[in-house]
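Only one structure is covered here, and it is reproduced in the block below.
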Amino acid sequence: MVTSAISFKPSQIGNRGLYFAAAILLSWLGMLVFLLNYPINWQNPLVYVFVLVQTHLYTGVFITAHDAIHGVVAPHNKRLNNAIGLLCATLFAFNNYNQLSRKHHLHHKHSATPDDPDYHEGNPGFLAWYYSFLKEYISVLQIVLMAVTYNVLKLWFPMENLIAFWMVPAVLSTFQLFYFGTYRPHRGEHHNPPHNARSQKRNHVLAFLSCYFFGYHAEHHAWPYLPWWKLPEARERS
């Protein structure tokens, strides 16, 4: 049960949002450079571990863009905050940061209602909702830009590395974000309007591995100005 009496303020985080953003971006970029040059042997289990690691880092890139939408990557410097959000949204399959921001704020304002762009009426299954979700956010321009980028990168890196460590993690990350950040928290009936969200059981290790604590989704909707790394504290106190 989330109580709105608890108070958290963005001013309490100082520059830590920037440190977390830098850690995620540098980790993602460093792993990508390493993996694009990594000799792939499909008998080597490390290949599959690296796919999962890069998927999680891709998710972190999007979560950083999400936090920028809420103004908590650099809360005292709006221009820097939005620049980081724009960079992260672009790195995540050329998403349009301004469009993401507009639709995400609508999601918070009209959570799990017909006016919520993330919501699928009729309580559908995972795949139907996922397809609807992709149609809402993926544009032809994104697909073209991804195709052009792939063909340019193919001039320097092996095709199988690009597919295994750049394309596949990006796709898997959309499943991760959708399942833990939209489908599970908002499906079915809710009894906590206007948030209309639920949280997963309190387990900070699993919550981080699943989706950077966004399984603590009722807390995120109650205090949307909290960065992802503050959500465990909110879950403890809710």
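What you see is a predicted model; the values in this text were computed from it and never measured.
To the nearest 0.5 Å, the span separating CH2 on Trp28 from SG on Cys88 amounts to 9.0 Å. Ser210 contributes atom OG, which lies 7.0 Å from atom CD of Gln176 (distance to the nearest 0.5 angstrom). For the atom pair Phe62 CZ and Cys211 SG, the distance stands at 9.5 Å (nearest 0.5 Å). Within the model, atoms CG of Leu86 and OG1 of Thr90 stand 4.5 Å from one another, a figure rounded to the nearest 0.5 Å. Rounded to the nearest 0.5 Å, atoms NE2 (His221) and CG (Leu226) are 13.0 Å apart. Atom NE2 of His220 and atom CG of Leu231 lie 7.5 Å apart (nearest 0.5 Å).
Looking only at side-chain heavy atoms (C-beta outward), Val51 and Leu35 stay at 4.5 Å or farther from each other. Side-chain contact check for Asn161 versus Ile40: some heavy-atom pair is nearer than 4.5 Å. Side-chain contact between Trp223 and Lys230 is absent, with no heavy atoms from C-beta onward closer than 4.5 Å. Using a 4.5 Å heavy-atom cutoff, the side chains of Tyr225 and His70 are not in contact. The shortest distance between side-chain heavy atoms of Phe94 and Thr149 falls below 4.5 Å. Using a 4.5 Å heavy-atom cutoff, the side chains of Met159 and Leu162 are not in contact. The side-chain heavy atoms of Ile24 and Val61, taken from C-beta on, include a pair separated by under 4.5 Å. Residues Ile138 and Ile143 form a side-chain contact, since some pair of their non-hydrogen atoms from C-beta on lies under 4.5 Å apart.
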Side chain to side chain donor-acceptor pair (under 3.5 Å) between Thr55 and Ser173, intermediate numbers included: CA-CA 5 Å; Thr55 297; Ser173 180; over 6 Å; no

Side chain to side chain donor-acceptor pair (under 3.5 Å) evaluation trace for Glu236 with His204: CA-CA 10 Å; Glu236 290 287 347; His204 298 334; 2.8 Å; yes

Residue pair His66, Phe92: steps toward the ring pair (Phe, Tyr, Trp, His ring centres under 6.0 Å) verdict: CA-CA 11 Å; His66 165 273; Phe92 195 88; over 10 Å; no

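Between Tyr38 and Phe34, the ring centre distance stays below 6.0 Å. No close placement of the Trp228 and Phe214 rings is indicated, their centers lying 6.0 Å or farther apart. Between His108 and His105, a ring centre-to-centre spacing not shorter than 6.0 Å is recorded.
In this structure a side-chain-to-backbone donor-acceptor pair under 3.5 Å is missing from Gln54 to Trp166. Looking at His217, its side chain does come within 3.5 Å of a backbone N or O of Gly181 through a donor-acceptor pair. In this structure, the side chain of Asn81 engages the main chain of Ala68 through a donor-acceptor pair within 3.5 Å. The backbone N or O of Ala74 sits nowhere less than 3.5 Å from a side-chain atom of Asn15 that would complete a donor-acceptor pair. Looking only at distances, no side-chain donor or acceptor of Asn95 sits under 3.5 Å from a matching main-chain atom of Tyr97.
Below 30°, between 30° and 60°, or above 60°: for Phe208 and His56 the angle between ring planes is above 60°, a perpendicular geometry.
Annotation for Leu32 and Phe165: closest pair CD1-O, 3.7 Å, computed over non-hydrogen atoms. The two residues Arg235 and Ser199 make their nearest non-hydrogen contact at NE-CB, 3.8 Å. When all heavy atoms are compared, the tightest approach of Tyr137 to Lys103 is OH-CB, 3.5 Å. Of all heavy-atom pairs spanning Asn96 and Asn98, the tightest one is OD1-N, 3.1 Å. Closest non-hydrogen pair, Ala164 versus Pro169, comes out as O-CD, 3.1 Å.
For the pairing with Trp129, the ring pair (Phe, Tyr, Trp, His ring centres under 6.0 Å) check across Phe175, Tyr179, Tyr183 returns one residue only, Tyr183.
Under a hydrophobic clustering in which Ile, Leu, Val, Met, Phe, Trp and Tyr are joined whenever their side-chain heavy atoms come within less than 4.5 Å, directly or via other members, Met146 and Leu134 fall into the same cluster. Hydrophobic clustering of Ile, Leu, Val, Met, Phe, Trp and Tyr side chains at less than 4.5 Å, counting indirect connections, keeps Leu206 apart from Phe213. Put simply, Ile163 and Tyr58 are part of the same group of oily side chains (I, L, V, M, F, W, Y) that touch within less than 4.5 Å, one to the next. Following chains of ILVMFWY side-chain contacts shorter than 4.5 Å, one cannot reach Leu52 starting from Tyr212, and the two form parts of different hydrophobic clusters. With hydrophobic clusters built from ILVMFWY side chains whose heavy atoms lie under 4.5 angstrom apart, Tyr48 shares a cluster with Leu57.
In the hydrophobic clustering, Leu80 connects to Leu18, Val73, Ile84, either directly or through intervening members, whenever side-chain heavy atoms lie under 4.5 Å apart. Connectivity analysis of hydrophobic side chains (ILVMFWY, heavy atoms under 4.5 Å, direct or indirect) links Leu26 to nothing; its cluster partners are none.
Applying the side chain to side chain donor-acceptor pair (under 3.5 Å) rule to Thr174 yields the partners Tyr130; only residues at least two apart in sequence or on another chain are considered.
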